[in-house]
Amino acid sequence: MRIFLLLATCLAFSVSAAERPNILFMFTDDHATQAISAYGGPLAEIAPTPNLDRIAAEGMLFRKCYVTNSICGPSRAVVLTGKYSHLNGFQVNGDTFDGSQQTAPKLLQKAGYQTAVVGKWHLKSVPTGFDHFEVLKGQGQYYNPVLLTNGEMVAHEGYTTDIITDRSIDWLENRDKEKPFFLMSQHKAPHGRWEPALRHLEWLDDVEVPEPPTLFDDYSGRSKAASQHKMGIADHIGDPRLMIKYSSKFTSEQFAVFDGHFRPRNEAFLKADLRGKERTRWHYQRYIKNYLRCVRAVDENVGRLLKYLDDNDLAKNTVVIYSADQGFYLGEHGWFDKRWMYEESFRTPLMVRWTGRVAPGKVNNRDLVSNLDFAETFLDVAGAPIPDDMQGKSLVPILEGNSPADWRKTHYYHYYEAGGHGVPIHFGVTDGRFKLIRFPDPKLDAWEFYDLDNDPLELESLFEDETISEEQHRMMQELEKLRDTFKIEE
Ligand SMILES: [Ca+2]
């Protein structure tokens, strides 16, 4: 009898394990929604992303997914823990992630999932909570990456975006097929210094990419903060004389093709000796084309993973999530990089396909969701308990088309890395329309307030010290309330 019961339990467990959905989390670095054609916009036609668009067409696309701290390592720590930076201990890129703390992958392991991370990690400490890890050291390189593979450094030859996909598929092939999986497949691309695959070097060569309307923003409609930036397309993106010192270590064959493409262009630029707006324009074209070329390889590789799911009868029972660690400036406000609470870097892409649970082709314009919600969503999808100390909320009800009435109406943001690219510490709150930003540095001691309905490009701060509008007052109260709720002391 006891044996029978034990057998029955084992059978019940293996059936439910087989039915529990797999989770494929595809995550990029610095991928702006402006460079995903499913989000529309002026780049969609020039640089379509058909494979990324397929996720949106077969699932839900979120237009208001906001990060809590718009920079690489901190965002990754939020995704793993479901906690704001001040609680997960990773506030700035120089920090080291405390891998002994509670994370979603560890809880998924406990729930019977097989877990893996392949690609960019950027949390300094050795990954914990993964049955398998293959991660780049630090920022990694675009060519010939070395991957820390379950504790051992392994060198690979080729283009990193392709290799991360190769290694992800290799793990999927060799996994324990009796268990559901959680795979984080995380690209280095399209992070700087934007080195495209050799096969994409010539693509867009003859195209003039449209300039964003704020390329020549003079920052006059706001506090002093933005004008102190060091992330200008014109002045900070890199001296072209340095650009022939590429960041990757190439093989001699790769170098011949890569350098053969860029060297004549660099020399022509130096000879032309452009000044003022023309110099900015030249840098913008170079930057945006290389960025889009890097995205094209990401899109192709997303297609490879989707095809793997199709070919292996995994598409139906695998939740596919695509996101990036934060958004990015593609020339808006004259910038590259991220960090600010302005929309382009505050917002991050999020598209989710879950066949049979998420209706196809849905666009969510309304709900304020966040990378803070990812950890709880992973656990909820897996049917695993969600700890009380996680600070996000599961997106599952929203994905199923039942947005809860008590879903958050405002979202708190906090950037801590003082001085990185000239961006000061700031925090703030948005309700999706109004946005209040506080720059506490005594040298600035500034506030900004935007109405996105009337000023979607955020060019004119409405903040007033004396005649305070009702909306500004409401958002100031909300900021205080959220800082209390999230136990922010700084
Ligand atoms: Ca990043």
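Both counts, for ligands and for their atoms, begin at 1 and track the order of listing.
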Could you identify the N, O or S atom of Asp30 positioned closest to the Ca ion (ligand 1)?
OD1
With respect to the Ca ion (ligand 1), please indicate if Ser75 possesses an N, O or S atom at a distance under 3.0 Å.
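No N, O or S atom of Ser75 is closer than 3.0 Å to the Ca ion (ligand 1), so no.
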Residue His191, metal the Ca ion (ligand 1), N/O/S under 3.0 Å
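His191 does not place any N, O or S atom closer than 3.0 Å to the Ca ion (ligand 1).
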What's the verdict on side chain to side chain contact (heavy atoms under 4.5 Å, CB included) for Ser403 and Arg366, showing C-alpha distance, side-chain angles and the deciding distance?
CA-CA 10 Å; Ser403 299; Arg366 183 186 55 179; 3.1 Å; yes
Checking His283, His421, His236, His229 against Phe336 for ring-ring contact (aromatic ring centres under 6.0 Å, His included), the one that qualifies is His421
Give, rounded to 10 degrees, the angle between OD2 (Asp325) and OD1 (Asp29) as seen from the Ca ion (ligand 1).
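Asp325 OD2 and Asp29 OD1 form an angle of 80° at the Ca ion (ligand 1).
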Take the angle between the ring planes of Trp335 and Tyr219 and call it parallel below 30°, perpendicular above 60°, tilted in between.
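The rings of Trp335 and Tyr219 lie parallel, inter-plane angle below 30°.
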To the nearest 0.5 Å, what is the distance between CD (Gln91) and OH (Tyr416)?
5.0 Å
